[in-house]
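Every number for a ligand or one of its atoms is a count from 1 in the order of the listing. Hydrogens, waters and symmetry mates play no part in the numbers below; they use all other heavy atoms, side chains included.
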Amino acid sequence: MTDLTRMTATDLAGLVASGETSAVEVTRAHLDRIAAVDDRVHAFLHVDTEGALAAARAVDERRAAGEQLGPLAGVPVAVKDVLTTKGVPTTVGSKILEGWRPPYDATIVQRLRAAGTVMLGKTNMDEFAMGSSTEYSAYGPTHNPWDTDRIPGGSGGGSAAALAAYEAPLAIGSDTGGSIRQPGAVTGTVGAKPTYGGTSRYGLVAFSSSLDTPGPCARTVLDAALLHQVIGGHDPRDSTSIPQPVPDVVAAAKLGATGDLTGVRLGIVREFTGEGAEPGVMAAFRESVDTLAKLGAEIVEVSCPHFRYALPAYYLIAPSECSSNLARFDGVRFGLRVGDDGNRSLEEVMSLTREAGFGAEVKRRIMVGTYALSSGYYDAYYGQAQKVRTLITRDFTSAFEQVDALISPTTPFVAFPIGARTADPYQMYLADLFTIPTNLYGGPGISVPCGLSEGLPVGLQVMAPTMADDRMYRVAAALESVVGTFTPPAL
Ligand code: GLN
């Protein structure tokens, strides 16, 4: 019998729609796989067995009643623990929200349910999505299915690992500086950060509100596009949501799969010299550039002189916004409360709760952000960083006058061993060297597997203009049509 966990979401939806298999069978196969391997991977923080089977049964009943099912009906999906799920634990990888069951679903979760997808559970992540390895989860690290001694990327390492371990065919991530794309790259899976405002932030626990972008993760470009189409589009409950329909990313992925990029101009960023990147990563990238050229793309070098300031600007803007957003975790409204013995002041209880509930990286960000926003320092730090953000946006605007999309490696290094970069925060921050400019600009970016280095996956990033998400899917699908998908060694 074919192993349902090895199939694409597209194929699974086809089998369910035709009645060759049921949504319950598909769901059980994935729940069994989770039971068999997740003690070694730890992709999930919570598996919602009952909820998943109930959702699957509902799809099967709708089909039996003759209803026309949507393109992903009956397909399981794993959801990063940063999105609220009604009645289902949502921790954001933090002790401060341990045991919290939100009273409402995030818009994306609502749309997933309405589309008939089956939520398997919530995936592990760096606490509050701050990190690049999932080692900063308060619930222990996730392991990369390619080598369980290595990190699966972060912050959305749980979602990416669930895909690579065949525990789920689809997953949801969120990308503030690279947290969808970098885990995709190091696990050999596909991760897309939509245009900022193209996917709803309603019910996404906020880290840095001007950057946070939820998006799709999958094992193929077409599957990611189908998921993007289901979750994307205007949401009146998110004030920065763009009131326009999602570009036709599914058609673009299908067009790209024909392997023809004639007439497409792709830019390589001159300032991404490869300095600081592993030679094996750069070699895989260069080989992919040759492949894209053979498919008909014209390759052009463009200059983005301010990209070198993206990392420092991000590490002022993101912590500043986080220091403000995380003020709501005060021991009064959600989750954990420490020291409330009737003798302590409110302020003492808040301090004790935050002291016990937040991990070291989150505290570091809150302190940096509070400092950068404080009077007397605001102009020198936060104000300067905002100016840099404008200059980076101008770099993108001028680049997109010359080319249709930009390409780069997704991340400078392959999956590193667990523990290798936790001693020095800056070493961890470097993981997002190539992904952060896109977040500051607000455009879309995708990571697609492009090769191996030392037996570990390497990702290629495609960056497109805002609301031209379709372009990146076309390029990514074209590359995938040549290099194929990547299967890790058996767990
Ligand atoms: N690694 C980056 C950080 O730690 C990006 C995280 C993200 O995209 N959520 O902030």
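Contact annotation for D432 and ligand 1: only side-chain heavy atoms (C-beta onward) come within less than 4.0 Å of the ligand. Of all the heavy atoms of Y136, none lies under 4.0 Å from any atom of ligand 1, so neither backbone nor side chain is involved. For S155, every heavy-atom contact with ligand 1 shorter than 4.0 Å involves the side chain, none the backbone.
For the atom pair NE2 (H228) and OG1 (T199), the distance works out to 6.5 Å, reported to the nearest 0.5 Å. Atom-to-atom distance recorded for T187:OG1 and L456:CG is 11.0 Å, nearest 0.5 angstrom. In this structure, NZ in K122 is found 7.5 Å from OG1 in T91, a value given to the nearest 0.5 Å.
Which parts of ligand 1 touch M130 is read off a 4.0 Å heavy-atom cut-off, strictly below it: atoms 4 (O). Less than 4.0 angstrom separates some heavy atom of S132 from each of these atoms of ligand 1: 1 (N). Interface of A129 with ligand 1, defined as ligand atoms under 4.0 Å from a residue heavy atom, comprises 6 (C), 7 (C), 9 (N).
Contact annotation: Y314 has at least one heavy atom less than 4.0 Å from an atom of ligand 1. Distances from ligand 1 to the non-hydrogen atoms of R365 include at least one value under 4.0 Å. Ligand 1 lies out of reach of A318, whose nearest heavy atom is not under 4.0 Å from it.
Between T422 and M428, the shortest heavy-atom distance links the atoms CG2-CE, 4.1 Å.
The closest side-chain donor-acceptor pair between D432 and S132 falls under 3.5 angstrom. Of the N and O atoms on the side chains of S200 and R237, not one donor lies less than 3.5 Å from an acceptor on the other residue.
Atom 7 (C) of ligand 1 has S179 OG, 2.3 Å as its closest protein atom, hydrogens excluded (heavy atom only). Among protein heavy atoms, atom 3 (C) of ligand 1 sits closest to Y315 OH, 3.3 Å.
Annotation: G177 places an N or O atom under 3.5 Å from an N or O atom of ligand 1; distance criterion only. The shortest N or O to N or O distance between G178 and ligand 1 is below 3.5 Å.
Aromatic ring centroids of F128 and F329 lie under 6.0 Å apart.
By the 6.0 Å contact criterion, CD on Q386 is enclosed, its count of non-hydrogen atoms from other residues, nucleotides or ligands being greater than 12.
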Which is it for E127 and K95 under the salt bridge (Lys or Arg N to Asp or Glu O under 4.0 Å) test, yes or no, and what are the steps along the way?
CA-CA 9 Å; E127 187 177 3; K95 286 283 176 214; over 6 Å; no
